[in-house]
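The block underneath contains the structure these notes are about, expressed in structure tokens.
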Amino acid sequence: MDLVIGPLDLPAHVDEALAVQAIAFGLGPDEVAVRRQIVLRHMANPGARAFGASAGDRLVGFVYGMPNDRTHWWSTVVQPYLRAQGNEHWLDDSFVITELHVHPAYQNRGAGRTLITTITDTAAEPRSILSAIDTESPARALYRSLGYRDLARSVLFPSAPRPYAVMGAPLPLLRPQGLA
């Protein structure tokens with residue numbers, strides 16, 4: 001079935017999106033409940049937007065993000081790690097990819113690539129930043145193929161069991177030959 005990528009009213013579809021994230025990221029019900037409140041709070045920020053990937057009437061992937069604000073929790077956590085690497089300036093004038101998840105049954109079909117390029121193509125900021133689990137993974141390979149590079153590694157978020165990497169890329173993102 002073909003996937004359709006388009007704008008997503010994330011607050012109206014938060015439960016569907018978090019069901020995808022729970023499967024893709026291995027979240028339990030308690031963590032989903034916490035993330036629900038976080039997503040709704042994030043989407044109230046100026047410039048926050050989301051896109052979804054649908055197969056028929058089923059949401060199978062989503063991305064959301066917003067212009068970075070140094071007062072946001074994420075920025076305050078990653079800032080000392082970025083400063084230590086001489087990359088603190090990436091927190092300014094950047095669009096943050098807050099979450100990007102695709103249901104495992106729909107991965108490796110270009111949905112993640114299309115979601116992230118679609119949302120960053122609409123960004124006014126000259127660069128994008130994100131965090132990803134600091135291990136070699138298909139997600140990190142995707143981000144590298146789009147032009148993201150490591151800005152800081154071994155970033156520890158409170159209550160996260162694994163370290164993360166902060167990655168950044170100039171916008172627009174790279175496109176492989178033959179892809180728009």
Pairing residues for H42 by the ring pair (Phe, Tyr, Trp, His ring centres under 6.0 Å) criterion, not counting sequence neighbours: Y64
Hphob cluster co-occupancy, W73 + M43, side-chain heavy atoms under 4.5 angstrom: yes
Linked, directly or transitively: L18 and F51 (ILVMFWY side chains, under 4.5 Å): no
Donor-acceptor pair, [X] side chain versus [Y] backbone, under 3.5 Å?
X	Y	result
T122	I119	yes
D69	T71	yes
R153	L151	no
S54	D57	no
H103	A105	yes

Separation between CG of L10 and CG of L59, rounded to the nearest 0.5 Å: 8.5 Å
R127 side, atom CZ; T120 side, atom OG1 - distance, nearest 0.5 Å: 14.5 Å
Taking the side chain as every heavy atom from C-beta outward, state whether [X] and [Y] have any pair of such atoms under 4.5 Å apart.
X	Y	result
T98	W74	no
D150	R144	yes
F62	V39	no
R140	T135	no
Q21	V32	no

List for me each residue that meets side-chain hydrogen bond (donor to acceptor under 3.5 Å, both in side chains) alongside [X], sequence neighbours excluded, and say none if there are none.
X	answer
W90	none
D121	R175
S75	N68
Y143	none

Inter- and intrachain pairs under salt bridge (charged side-chain N to carboxylate O under 4.0 Å, His left out), touching residues 73-99, at least two apart: R35-E99, R70-E88, R70-D92, R83-E88
How would you list, by chain and number, every residue that makes a side-chain contact (heavy atoms from CB on, under 4.5 Å) with [X], sequence neighbours excluded?
X	answer
P67	F95, E125
V4	none
N108	none
A33	none

Test log, rule side chain to side chain contact (heavy atoms under 4.5 Å, CB included), inputs V20 and V102: CA-CA 7 Å; V20 170; V102 176; 5.7 Å; no
Check against side chain to side chain contact (heavy atoms under 4.5 Å, CB included), L82 and H89: CA-CA 8 Å; L82 291 171; H89 65 280; over 6 Å; no
Set of residues satisfying salt bridge (charged side-chain N to carboxylate O under 4.0 Å, His left out) with respect to R36, sequence neighbours excluded: D15
Would you list the atom pairs, donor with acceptor, under 3.5 Å between side chains in residues 157-168 and any protein atom, with sequence neighbours excluded?
none

Please report the closest heavy-atom contact between [X] and [Y], naming both atoms and the distance.
X	Y	answer
A123	L171	CB-CD1, 3.9 Å
L146	I116	CD1-CG2, 3.3 Å
A24	Q107	CB-NE2, 4.4 Å

